[in-house]
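To start, the structure itself, in structure tokens.
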Amino acid sequence: MSVDLNLNNSHAFRQMVLYILASLALVVSEFALTLRFAAGLASSTAFVCLFVLLAAILLGLFIVMFRRVGKRREAVFALVAIPAVTAFALFLLPAHAPDEAAHIAQTVNLFARGTSGHLVPKAFSLTSADYPGTYAAAYAAVHSPSAWDDVYLCTRNLSSYLPHLYLVPYIVMGLGQLLSAPEYVTLLAARVVNGLMFAGIGYWVVRTLPFGKTPAIVYLLNPILLQQASSLSADSLVIGINLAFLAYFLRCLKSGCENRQQVFLLGGLTLLSMLSKFAYAPLVLLFILFLRHRVSGKRLYVLYTGIAGACMVAAVFLITFYHGSFMPEAFELLRTPFEFVKIFVKSVWVMGTFWFESYAGFNLGALNINPWRIACYLYMFAQVAVLFYNDDAEEPFLVFSDKLVIVTISLVEFTLIMLTMRGWTLTADNRSDIIMGVQGRYYLPFALLPMLCLVKPAHPLSKGRVLSVASACMVVVLGIDIMCVIMAFLPYSVA
């Protein structure tokens, strides 16, 4: 029998805080045990027995808390996400997430970035190969003396990522330097904090969404998403901010954004989303959906058609007359529509499978860790199933015209992200017949929105079983993924 755990209640809040602290302690203990085993300081028997015992305690705590949170979906998300992001932050060693080494170098001396370069401790190299690649090497790095003053000039500046995306891990790095903590320990702590921050954003997203909470839980527990969220990549906060914007946008769309507080908060999230990454700027077009509160029937479709036509004219004008330095290869391609369509179709046909697999978690780490495929298929099954069979109390409110606009804007966003990689494909891959370099994770900041268009009304007879089964599926998926990550970083002689 479940008890509805209302986090507004002080006793319930204390229970959740204790769960968070206990899960953090258990995962950190498992990581420390793994490092000692990899360094040859623990036998394989002791390692396996203690690791399994700690994992069993964590699972037992989860089950107890799950029974207490009842149908509070945001709390269920937190129960799974908090130990998951902590595990990814620790067990997937730093700089082994995509492009993370460059983001680490931006974080550590954030406000000194510039075209002339900035000083970075040598422990934070721009090359992932310079970081520990096994748990044995990580054990040595954790126990190495700090050398924050031993620096090099970093000339790479990821200027397209604004400082607010690195601010929280930058503060953690600063505290580590102030305390003269080893650089590697500080880096691990910054990753854990980044992961927990995303878990907090995800909690708010699930709580804020006016419908589709269970599908959102499964979406937010995507292994690739959690991996990015638990690294120092700026994309961690980009994804979180965009999903927070979409969740609050849907809530305001349902209510009509009737008070000043909603207007200011939605405006702030919109601005933050646009500043975080320009590639997702077209999402601001979603605001035309508010016209449904003023216009209805055929007049609404006429208005939508007129807006779409105006956008097309503006796009044609921009493509025709713009010859600046921003994405010149993409604009050149768009000036030959038939060639663009041919390349677009071929890219989807050739690269579509990779996009799907890199979204569903078939390739973790820097695309070099391949979890058991059963976990990836189980994740996709859970993601699709909860769209058509759920037991959420909130009913979908999007009408056909809303869905049409959302899908159209999503397709525009999909195409724009592809075009951002046109120049990279020409220079790095020397291919002009296709667009490469795109990964499924690039669509994580907005893919939840078209998915919610598929959500069906709640099944009246499920009585909470969908949430339970979906949560169990995600525990299994993430458990398998973490074990595959651990095996990738253990020396083969002891794995």
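Quick caveat: nothing in here was measured; it's all calculated off a predicted structure. Quick note: numbers below take in every heavy atom, side chains included, and nothing from hydrogens, waters or symmetry partners.
Close placement of the F290 and F249 rings is indicated, their centers lying within 6.0 Å of each other. A distance below 6.0 Å separates the ring centres of Y443 and F414. Centroid-to-centroid, the aromatic rings of F278 and F326 come within less than 6.0 Å. Taking the six-membered ring for Trp and the full ring otherwise, the centers of F489 and F91 sit at least 6.0 Å from each other.
Rounding to the nearest 0.5 angstrom, the gap separating the OG1 atom in T270 from the CG atom in L275 is 11.0 Å. Note that CG of D99 is 7.0 Å distant from OG of S233, once rounded to the nearest 0.5 Å. Separating the CG atom in L165 from the CG atom in L237 is a distance of 5.5 Å, to the nearest 0.5 Å. Here the CZ-NZ distance, from R251 to K254, works out to 7.5 Å after rounding to the nearest 0.5 Å.
Inspection of the S276 and H164 side chains reveals an N or O donor paired with an N or O acceptor under 3.5 Å. Side-chain atoms of T214 and R73 include a donor-acceptor pair closer than 3.5 Å.
Partners of Y379 by side-chain hydrogen bond (donor to acceptor under 3.5 Å, both in side chains), not counting sequence neighbours, listed by chain and number: N222, Q383.
Between L444 and Y359, some side-chain heavy-atom pair lies under the 4.5 Å cut-off. For the pair L243 and I201, the minimum side-chain heavy-atom distance is 4.5 Å or more. The side-chain heavy atoms of T107 and V172, taken from C-beta on, include no pair separated by under 4.5 Å. By the 4.5 Å heavy-atom criterion applied to side chains, Y131 and I104 are counted as neighbours. Taking the side chain as every heavy atom from C-beta outward, L158 and Y166 approach each other to under 4.5 Å. Taking 4.5 Å as the limit, some side-chain heavy atom of Y219 sits within range of a side-chain heavy atom of M451. Under the 4.5 Å side-chain criterion, counting only non-hydrogen atoms from C-beta, F245 is in contact with L266. Inter-residue side-chain proximity for V399 and D402 is flagged as met; some heavy-atom pair is nearer than 4.5 Å.
Classification of the Y304-Y301 ring pair by plane angle, with boundaries at 30° and 60°, yields perpendicular. Note: H103 and Y161 have perpendicular aromatic rings, judged against thresholds of 30 and 60 degrees for the angle between ring planes.
A95 and R191 make their closest contact through N-NH2, 4.4 Å (heavy atoms, listed as atom of the first residue, atom of the second, distance). Shortest non-hydrogen contact noted between P94 and Y184 is CD-OH, 3.1 Å. A pairwise comparison of heavy atoms in S23 and P83 identifies CB-CB, 4.2 Å as the closest pair. In terms of heavy atoms, L220 sits closest to L226 at O-CD2, 3.4 Å. Across all their heavy atoms, L452 and L209 have their closest contact at CD1-CD2, 4.1 Å.
Remark: E357 engages R373 in a salt bridge, criterion side-chain N to carboxylate O under 4.0 Å.
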